[in-house]
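Here's the structure, in structure tokens; my notes come after.
Treat the numbers as computed from the prediction; the structure is a model and nothing was measured.
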Amino acid sequence: MSLSAGRTARAATLLAAAVLVVSGCAKSENTAASPAPGGSDAQQQVVKTPSGPAGAGCTIDRHGATAFDLKTAVVGFSQSEKEANPFRIAETQSIKDEAAKIGIADLKVTNAQSQFSKQISDVQQLIAQGAQLLVIAPLNSDGWEPVLQQAAAKKVPIITIDRKINAKHCTDYLTFIGSDFVEQGRRAADQMIKALDGRGKVAILLGAPGNNVTTERTQGFKEQIAAKAPDIEITFEQTGEFAREKGQQVTEQLIQSNPDIDGIYAENDEMALGAVTALKGAGKKAGDVKIVSIDGTRGAVQGIVDGWIYGVVESNPRFGALAFETAQKFLNGESIPEKVVISDREYDETNAKDSVSQAY
């Protein structure tokens, strides 16, 4: 699902057919917000073809929902994590921007501050406030039964973005919109294999436990390393919880216990940037340890330019246009697949310098 620099123009053409272009802003607290940085069309999400598995999709009749007008509906968005992470900032902004663009007058936004119990209560409150559509960025994949039961009782369709929930399609949720995380792990492995010329010792900074992103990015990376580079040995694995500070702490421990480490696979850019800080503190030079990560934040892409990060696989956070386009298709009677998989680009030394301004 990579889009190289040389394919940017074709990506823009695909985009025009697949996704609405976002602008503007909306906020349930009725305060203004500025556009996300680097607002070019090429940044917006492109749907892979096909966009979901074969088989019957979910229609409004099958779901049991009643059609409504998005512009006048109560729409709830539940953000999972503190917006210190550029991914979360861009994700929430995209939802607000697109809601304003298409005229949704009552968008209610909550933030669980990285507390799963709070996210459950946040969404329950959104349902109690009359939400007719829920867009959820789940913190965890399990434990959603109380919310799903309440939403099902009121026939409220749920779209999950960037992480899946372990539940039944159409009965419990409408669709998941996000990346192919196993494929992301494979592509990160390909970058690591190239960086190390197929041999060396690698550490994995695991994402937060309890969600499919961590599990699948780890799976894809390990499978690809085993299949393509058996001379690369994974000698260290520890969670950095998708956080920069934790990524730094874990890397500091790594340097002490594995001073001969050749590469670090960070399952998001925040941990990778924390690793860079740790390496600098240990007196390492740029490029001494090859770092490959996933997300595509501006800081990480700049890290490639500066020589500290070898490569980055994008995970595009701009879900607003595609989420509301999917909701409108559902309300129009169209069949919605279980998964809507998006296409992500890739950054390395060949395109990083020209792409920094477009990163989020």
Side-chain angles (χ1 to χ4, degrees), residues 14-30 32-33 35-36 39 41 43-48 51-52 57-60 63 65-80 87-111 123 126-127 129-138 151 155-165 169-170 173-179 316-343 360:
L14 287 172
L15 168 67
V19 189
L20 297 173
V21 178
V22 300
S23 63
C25 58
K27 195 170 186 178
S28 60
E29 297 87 351
N30 296 320
D41 290 355
Q43 289 183 311
Q44 305 307 325
Q45 291 176 340
V46 177
V47 180
K48 293 181 71 176
S51 61
C58 186
T59 63
I60 193 168
H63 182 278
T66 301
F68 55 85
D69 184 350
L70 270 177
K71 293 181 179 180
T72 58
V74 178
V75 177
F77 172 59
S78 170
Q79 178 57 272
S80 57
F87 183 97
R88 298 299 169 186
I89 295 171
E91 183 177 63
T92 299
Q93 189 65 53
S94 176
I95 295 292
K96 293 176 180 178
D97 286 352
E98 184 64 14
K101 181 181 182 348
I102 64 177
I104 294 176
D106 195 354
L107 175 71
K108 299 183 183 300
V109 178
T110 63
N111 190 303
V123 180
L126 289 171
I127 296 172
Q129 291 173 341
Q132 295 163 270
L133 170 70
L134 291 168
V135 180
I136 301 174
K155 303 298 181 184
V156 179
I158 294 175
I159 294 173
T160 72
I161 58 174
D162 84 62
R163 293 178 185 172
K164 302 174 187 175
I165 57 174
H169 174 230
C170 205
Y173 71 100
L174 172 58
T175 191
F176 157 73
I177 303 175
S179 301
N316 194 325
R318 300 174 182 89
F319 288 95
L322 189 53
F324 291 126
E325 180 186 23
T326 300
Q328 190 60 62
K329 287 180 178 179
F330 172 73
L331 295 172
N332 291 344
E334 295 185 37
S335 179
I336 305 301
E338 181 177 354
K339 300 176 184 178
V340 179
V341 178
I342 63 174
S343 178
Y360 59 89

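- Across all their heavy atoms, I102 and K71 have their closest contact at O-CE, 3.2 Å.
- Looking only at distances, no side-chain donor or acceptor of S343 sits under 3.5 Å from a matching main-chain atom of K48.
- By the side-chain contact (heavy atoms from CB on, under 4.5 Å) test, I89 is found to be paired with E83, residues two or more places apart in sequence or in another chain being considered.
- Contact check for K96 versus L107: side-chain heavy atoms found under the 4.5 Å cut-off.
- T326 has its side chain out of reach of F319: every pair of non-hydrogen atoms, C-beta onward, lies at least 4.5 Å apart.
- Salt-bridge annotation for E98 and K101: absent, with no side-chain N of the basic residue lying under 4.0 Å from a carboxylate O of the acidic one.
- Nearest heavy-atom pair, T110 versus S78, reported as atom, atom and distance to 0.1 Å: OG1-CA, 3.5 Å.
- Contact between Q129 and V74 at its shortest, heavy atoms only, is O-CG1, 4.2 Å.
- Residues V109 and I95 fail the side-chain proximity criterion, which asks for heavy atoms closer than 4.5 Å.
- With rounding to the nearest 0.5 angstrom, the NZ atom of K164 is 10.5 Å from the OG1 atom of T175.
- With sequence neighbours excluded, the residues that form a side-chain contact (heavy atoms from CB on, under 4.5 Å) with T59 are D61, R62, S335.
- Taking 4.5 Å as the limit, some side-chain heavy atom of V75 sits within range of a side-chain heavy atom of F324.
- Put simply, CD1 on I104 and CG on L133 are 7.5 Å apart, with the number rounded to the nearest 0.5 Å.
- Considering every non-hydrogen atom in both I165 and P138, the closest pair reads CG2-CG, 3.7 Å.
- Annotation for P317 and A90: closest pair CG-CB, 3.7 Å, computed over non-hydrogen atoms.
- Residues D162 and F87 meet the side-chain proximity criterion, which asks for heavy atoms closer than 4.5 Å.
- For the atom pair CD (Q79) and CD1 (I136), the distance works out to 11.5 Å, reported to the nearest 0.5 Å.
- Residues satisfying the side-chain contact (heavy atoms from CB on, under 4.5 Å) criterion with E334, sequence neighbours excluded, are K329.
- Annotation: side chain of R88 is in contact with side chain of S80 (closest heavy-atom distance under 4.5 Å).
- For F330, the ring pair (Phe, Tyr, Trp, His ring centres under 6.0 Å) partners are H63, not counting sequence neighbours.
- Under the salt bridge (charged side-chain N to carboxylate O under 4.0 Å, His left out) criterion, R163 pairs with E81, sequence neighbours left out.
- Counting heavy atoms from C-beta outward, D106 and K108 have side chains that approach closer than 4.5 Å.
- Across all their heavy atoms, Q45 and I342 have their closest contact at NE2-CD1, 3.4 Å.
- Residues satisfying the side-chain contact (heavy atoms from CB on, under 4.5 Å) test with V156, not counting sequence neighbours, are L134, A151, K154.
- Here the side chains of Q328 and E325 are not in contact, with every heavy-atom distance at 4.5 Å or above.
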* **Full working for side-chain contact (heavy atoms from CB on, under 4.5 Å) between Y360 and R318** => CA-CA 9 Å; Y360 59 89; R318 300 174 182 89; 3.1 Å; yes
